[in-house]
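First comes the structure, then the notes that go with it.
When a residue number appears, it is its place in the shown sequence, counting from 1. Not measured: the values here are computed from a predicted model.
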Amino acid sequence: MRIPSTQALRALESFARHGSVWRAAEELHLTRSAVSHQLRLLERDLGFELLQRVGKGVMLTPRGRKYANDVRKALIVIDDAGGRQGSASTGGSLCISSTAGFASLWLCTHIAEFQEKYPDVALRILTPRKLDDVSDASVDLFIAFGDGHWPNRSVELLCEVEFTPLCSPVLLNNLGGLAEPRDILRAPLLHLDDFEDWTRWLALANVDNPDSERGIVFSDMNLVFSAAITAQGIAMGDELTCRKAMRAGQLIRPFDLSIKSPKSYFLVTDYARIDHPAQAAFTEWLKSRLSQTRNA
């Protein structure tokens with residue numbers, strides 16, 4: 001049985017998930033050259049090419065992509081096995097602060113899986129007033145949405161976000177369809193806190209003289225999507241938090257055009273708590289579950 005280096009396999013899985021060497025290096029706490037070296041060694045051990053050059057960058061070959069998918073499944077199985085064996089010794093209390101949208105639309109739909117693996121962890125989940133608020137001293141770990149700048153804290157990128165218009169099929173029928181991006185302005189626009197996302201999307205779609213500040217402003221993402229699902233207007237959403245509603249047919253994307261948000265989801269905590277057993281277990285479970293969701 002020929003089993004390649006585990007470190008090389010993790011480098012491949014991380015590169016396949018992020019699509020860049022520097023993101024993989026950041027996640028694995030390695031240098032970019034070290035990740036590149038691991039990938040070259042893996043190619044040598046396997047005897048076939050994993051990577052191909054595209055312009056100034058590199059991407060996976062079709063065979064490399066298939067192999068990376070198989071590696072990801074194997075690593076998840078290994079991680080789950082380790083979690084089952086180690087869960088009995090992991091206990092204590094853990095307070096998580098998460099943005100309301102991420103908590104209700106994603107975290108709360110998967111959290112029982114973590115509790116099943118770690119039944120001795122007393123888990124408490126709360127939501128902050130602002131998406132980037134990490135000030136609550138009672139919180140152990142924050143899932144915050146922002147630009148990644150939280151001085152004197154440990155900050156780890158959790159996932160990047162792309163926004164696209166989403167609406168109810170009922171609203172789409174009421175409008176008689178949306179033939180081109182400017183038709184979106186025939187419906188109320190639904191905003192979270194400000195008008196930035198709609199302003200950027202309408203500009204990208206080359207809509208002339210858009211009134212991006214029309215519509216309704218909400219203070220909570222749950223309110224935005226409640227209004228969108230009930231055909232009150234069109235929201236800007238992402239496929240991660242809206243996946244369940246999209247699969248159920250409650251929300252659809254009328255145009256295949258999205259904008260990358262200048263902000264992302266991050267894990268933020270005090271440096272002193274990074275190695276806390278319950279927190280480390282939650283962090284590893286969260287990243288693994290997100291990876292499975294994105295690749296489902």
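- Among residues two or more places apart in sequence or in another chain, the side chain to side chain contact (heavy atoms under 4.5 Å, CB included) test is passed with K260 by E160, E162.
- Residues L190 and L223 have side chains not in contact (no heavy-atom distance under 4.5 Å, counting atoms from C-beta outward).
- Considering only heavy atoms from C-beta on, I234 comes within 4.5 Å of L171 through its side chain.
- Side-chain contact between R10 and S5 is absent, with no heavy-atom pair separated by less than 4.5 Å.
- Without hydrogens or angle criteria, T164 side chain to L257 main chain gives a donor-acceptor distance under 3.5 Å.
- Atoms SG and CD1, on C95 and I125 in that order, are 9.0 Å from each other to the nearest 0.5 Å.
- Centroid-to-centroid, the aromatic rings of F145 and F102 stay 6.0 Å apart or farther.
- Within the structure, salt bridge (Lys or Arg N to Asp or Glu O under 4.0 Å) pairs that include any residue of residues 261-271 comprise R153-D270 (at least two apart or interchain).
- A donor-acceptor distance shorter than 3.5 angstrom exists from the side chain of S36 to the backbone of R32, with no hydrogens or angles considered.
- Residue I143 is tested with I96, V268, V134 for a side chain to side chain contact (heavy atoms under 4.5 Å, CB included); the sole match is I96.
- T230 places no side-chain N or O within donor-acceptor distance of the main-chain N or O of Q232, the cut-off being under 3.5 Å.
- Taking CE of M221 as the reference point, atom CG of L105 lies at 8.0 Å (rounded to 0.5 Å).
- Residues E156 and K287 meet the side-chain proximity criterion, which asks for heavy atoms closer than 4.5 Å.
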Q) Does the salt bridge (Lys or Arg N to Asp or Glu O under 4.0 Å) test come out yes or no for E27 and R23, once each step is laid out? A) CA-CA 6 Å; E27 179 178 82; R23 284 289 191 196; over 6 Å; no

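- Pairs engaging residues 127-152 under the salt bridge (Lys or Arg N to Asp or Glu O under 4.0 Å) rule: D140-R273 [sequence neighbours left out].
- Two residues are said to be in side-chain contact when any heavy atoms from C-beta on lie closer than 4.5 Å; V58 and Q52 fail this criterion.
- Considering only heavy atoms from C-beta on, I252 stays 4.5 Å or farther from L166 through its side chain.
- The backbone N or O of W106 sits nowhere less than 3.5 Å from a side-chain atom of R243 that would complete a donor-acceptor pair.
- For the salt bridge (Lys or Arg N to Asp or Glu O under 4.0 Å) condition, no pair includes a residue of residues 90-111, sequence neighbours left out.
- Scored by the side chain to side chain contact (heavy atoms under 4.5 Å, CB included) test, S104 finds N222 as partners (sequence neighbours excluded).
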Q. Does the side-chain contact (heavy atoms from CB on, under 4.5 Å) test come out yes or no for F225 and L192, once each step is laid out?
A. CA-CA 10 Å; F225 289 125; L192 176 63; over 6 Å; no

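- Applying the side chain to side chain donor-acceptor pair (under 3.5 Å) test to residues at least two apart or on different chains, the pairs with a partner in residues 184-204 are T199-S212.
- Counting heavy atoms from C-beta on, the side chains of Q7 and L30 come closer than 4.5 Å.
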Q.
Would F142 and W150 count as a ring-ring contact (aromatic ring centres under 6.0 Å, His included) here? Give the steps.
A. CA-CA 11 Å; F142 297 87; W150 289 278; 9.0 Å; no

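- At a threshold of 4.0 Å, the pair E49-R63 does not count as salt-bridged, since none of the basic side-chain nitrogens sits closer than that to a carboxylate oxygen.
- Residues E113 and K117 are not paired through a salt bridge, judged by the lack of any N-O separation under 4.0 Å between the basic side chain and the carboxylate.
- Side-chain atoms of L51 and F15, non-hydrogen and from C-beta on, do get closer than 4.5 Å to each other.
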